[in-house]
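Below: one structure, written as structure tokens.
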Amino acid sequence: MEGKRGEEMGKTLMTETWLRNHRLLYVGATRHPFIRSIRDGNIDLSSFKTWLGQDYVFVRSFVPFVASVLSKACKGSDNSSNDVEVILGGMAALNDEIAWFKKEASKWGVQLSDIVPQKANQNYCRFLESLMSPEVEYTVAITAFWAIEAVYQESFAHCLEDGTKTPPELQETCQRWGNEGFGQYCNALRKIADRQLEKASDDVITKAEVTFLRVLEHEVDFWNISHGGTSTL
Ligand SMILES: Cc1ncc(CO)c(N)n1
């Protein structure tokens with residue numbers, strides 16, 4: 001996938017280089033045991049419910065972060081009308097997502113008002129807050145946004161591939177992030193990030209790469225919650 005993009009552009013994109021250089025961590029975030037257990041059909045439903053409740057809390061904190069990225073796009077982008085439309089589309093999807101979490105929680109008997117965010121979730125939300133600071137460059141923020149969405153897209157798309165044993169009652173969840181449209185949206189975010197990175201200073205590129213790695217670590221930690229694992233951060 002990265003190779004094809006590179007050929008089209010005639011040069012190596014920054015995200016492509018990072019995905020190559022940090023392959024193990026990326027695979028750790030997108031092929032986590034939690035995702036493997038959905039794909040293999042041996043997921044423990046209490047793990048799924050834990051994930052559902054925790055992710056609802058995460059998504060609520062994700063909304064102001066996305067709003068901050070949108071605001072930075074308005075000010076700091078050379079192609080702000082395109083970027084704003086892509087990011088606004090993401091916000092609209094989050095609106096749907098929150099309604100979906102409520103519906104899904106009631107289906108599974110998960111009481112959303114009772115959810116206590118776990119340590120890894122709190123850390124991830126605090127990290128998002130730090131990225132909302134006006135001092136954080138648009139390039140860094142959009143890179144984080146892309147990485148956060150891409151991990152879910154790739155993880156859940158993996159559960160929908162032919163020959164997987166994803167339980168029917170979890171198909172809808174996997175579709176939510178694994179569908180083609182969400183994949184195209186992630187590609188649009190990636191394109192924005194690469195365009196920004198292309199004209200960024202070395203200092204900003206380094207910051208964006210560190211942020212990308214932190215996102216991957218937080219995602220691994222987040223999946224670990226539902227597996228009863230402990231934080232590595
Ligand atoms: C932890 C986490 N990462 C990414 C997404 C994608 O929106 C999500 N819903 N939750």
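Just follow the structure's listing: the first ligand is 1, and inside any ligand the first atom is 1.
When each atom of ligand 1 is checked for a heavy atom of W177 under 4.0 Å away, the hits are 6 (C), 7 (O), 9 (N). Of all atoms in ligand 1, numbered sequentially from 1 with element shown, those under 4.0 Å from a heavy atom of E219 are 1 (C), 2 (C), 3 (N), 4 (C). Close approach of ligand 1 to V59 (heavy-atom distance below 4.0 Å) involves ligand atoms 9 (N). Atoms of ligand 1 found under 4.0 Å from any heavy atom of I148 (numbered from 1 in listed order, with element): 3 (N), 4 (C).
Side-chain N/O atoms of S106 and K102 include no donor and acceptor closer than 3.5 Å. In the model, E172 has a side-chain atom that pairs as donor or acceptor with a side-chain atom of W100 under 3.5 Å. Judged by distance alone, the side chains of E154 and Y26 do bring a donor and an acceptor atom under 3.5 Å apart. With 3.5 Å as the limit, one finds a donor-acceptor pair spanning the side chains of S46 and D44. A side-chain N or O of R126 and one of N123 form a donor-acceptor pair less than 3.5 Å apart.
Within the structure, ligand 1 lacks V151 among the residues with a heavy atom less than 4.0 angstrom away.
Protein heavy atom nearest atom 10 (N) of ligand 1, with residue, atom name and distance: D55 OD1, 2.7 Å. In terms of protein heavy-atom proximity, atom 8 (C) of ligand 1 is nearest to Y152 CE2, 3.2 Å.
In summary, of the residues considered (Y124, F58, Y152), a ring-ring contact (aromatic ring centres under 6.0 Å, His included) with W223 occurs for Y152 alone.
Polar contact check, Y124 against ligand 1: no nitrogen or oxygen pair lies under 3.5 Å apart.
Taking the six-membered ring for Trp and the full ring otherwise, the centers of W51 and Y56 sit at least 6.0 Å from each other.
Scanning Q54, H218, Q153, E149 for the heavy atom closest to atom 6 (C) of ligand 1 points to E149.
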